[in-house]
Amino acid sequence: MSARVIDGQAIAAELRAAVGAEVQRLSRAHALTPGLAVVLVGEDPASSVYVRSKAKQTVEAGMRSFDYRLPESTGEAELLALIARLNADPAVHGILVQLPLPKQIDAQKVLGALDPAKDVDGFHPMNAGRLATGLPALVPCTPVGCIRLAKTVHASLAGLDALVIGRSNIVGKPLIQLLLAENATVTVAHSRTRDLGAACRRADLVFAAVGRPEMVRGDWIKPGATVIDVGINRVTGENGKNRLVGDVAYAEAAEVAGAITPVPRGVGPMTIACLLLNTLRAACAIAGLPEPTV
Ligand code: NDP
């Protein structure tokens, strides 16, 4: 059996186009242009690439992009002052602080200082709590993207056995909440899980968010299962060149799974598309307009 490949790149492009169309409608009907501020502290090369890509896609979707690049030596008070300015700026509907932050800055303090209404990464404790209690919230982008990808395979996730590998605040925990809201039966695995292979073999849906290259093996996958691979790991190939691999041994798993996301071009592009969607949602909520139907 060879799995259907879930083309995250194409699905993300469709979502970005739908967000762009809604942005145009808002602009015409309400003279409202959503604005996203992205704050990068320091020179981390991977973060710089992400931030460039986010800014480019924001503009392509018809939104305003505000780019703040601060030196590595920036102090916590200075960053908090910028956050306070952005919180108060009516042209800014979404604020994203690119992680990781340099060690002199307490990331939790900075995330906690964001206006929850503009917290488009969904990391503020208020949004995490609202998600956990089933209230409307801004939800972290990667898990939202994972659910959207899974739903391209299953019209409903209700009753399916879902395994989430990883319990980070950014991916695993919000994903668990979203799966519960979809009425899936959820198992969570982490570094202390005793028999991960056995847990995996029971799952109709596997979400791998670990950060360990190709850890999930093909013989762990239940035949026909849907596999969503969140991991992004840079490894050196036999030819000495770097390449990206996921947390799932793709070639092996694709022989057994019913559907699988590749790495790259799987979950990654959906994360940015969902960031644009969150910015649109934030702009509508702040303006007192109905939730967009994208
Ligand atoms: P974290 O390092 O914050 O969390 C990793 C999780 O994996 C932890 O819960 C940890 O368990 C668990 N874990 C570690 N080793 C094992 C193991 N041997 N067996 C089972 N579980 C294990 O990572 P993130 O959640 O931030 O990211 C996970 C991956 O997803 C990374 O590769 C990251 O690059 C990628 N990522 C991709 C994104 C995208 O847009 N595609 C966005 C965000 C992340 P414990 O809690 O016990 O330590």
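One is the number of the first residue; the rest follow in order along the sequence. These numbers come from the heavy atoms of this one structure, side chains and all, not from hydrogens, waters or symmetry mates. Atoms within each ligand, like the ligands themselves, are counted from 1 in listed order.
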Heavy-atom donor-acceptor pair, [X] side chain to [Y] backbone, under 3.5 Å:
| X | Y | value |
| --- | --- | --- |
| Gln24 | Gly62 | no |
| Asn242 | Gly237 | no |
| Arg202 | Ala162 | no |
| Asp229 | Val248 | yes |

Of all the atoms in ligand 1, which lie at a distance below 4.0 Å from a heavy atom belonging to [X]?
| X | result |
| --- | --- |
| Thr271 | 39 (C), 40 (O) |
| Gly166 | 6 (C), 7 (O), 9 (O) |
| Ala209 | 5 (C), 6 (C), 7 (O), 28 (C) |
| Val267 | 41 (N) |
| Thr142 | 40 (O), 42 (C) |

Does Asp204 come within less than 4.0 Å of Lys222, counting only side-chain N to carboxylate O?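 Yes.
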Taking NZ, NE, NH1 and NH2 as the nitrogens, is one of them in Arg16 or Glu60 under 4.0 Å from a carboxylate oxygen of the other?
no
For [atom], grab the closest protein heavy atom and report residue, atom and distance to one decimal in Å.
| atom | value |
| --- | --- |
| atom 43 (C) of ligand 1 | Val171 CG2, 3.8 Å |
| atom 5 (C) of ligand 1 | Val210 O, 3.4 Å |
| atom 19 (N) of ligand 1 | His190 O, 3.8 Å |
| atom 37 (C) of ligand 1 | Val230 O, 3.2 Å |
| atom 17 (C) of ligand 1 | Met215 SD, 3.8 Å |
| atom 15 (N) of ligand 1 | Arg212 NE, 3.1 Å |
| atom 4 (O) of ligand 1 | Ser168 CB, 3.8 Å |
| atom 31 (C) of ligand 1 | Gly211 CA, 3.6 Å |

Determine, using the 4.5 Å side-chain heavy-atom cutoff (strictly less than), whether Val263 and Ile272 are members of one ILVMFWY cluster.
->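 In one cluster with Val263: Ile272, no.
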Verify same cluster id: Val139, Val188 (apolar side-chain graph, 4.5 Å):
yes
With heavy-atom distances below 4.5 Å as the criterion, would you say the side chains of [X] and [Y] are in contact?
| X | Y | value |
| --- | --- | --- |
| Ile11 | Met270 | yes |
| Leu175 | Ile147 | yes |
| Glu255 | Ile260 | no |

Arg192 N/O under 3.5 Å from ligand 1 N/O
no
Using distance alone, determine whether Ile232 and ligand 1 share an N or O pair under 3.5 Å. yes
CD1 of Ile83 to CG of Asn87, rounded to nearest 0.5 Å, is 7.0 Å
Answer yes if a protein heavy atom lies under 4.0 Å from atom 47 (O) of ligand 1, otherwise answer no.
yes
Ligand 1 contact by [X], heavy-atom criterion under 4.0 angstrom:
| X | value |
| --- | --- |
| Thr193 | no |
| Met270 | no |
| Gly172 | no |

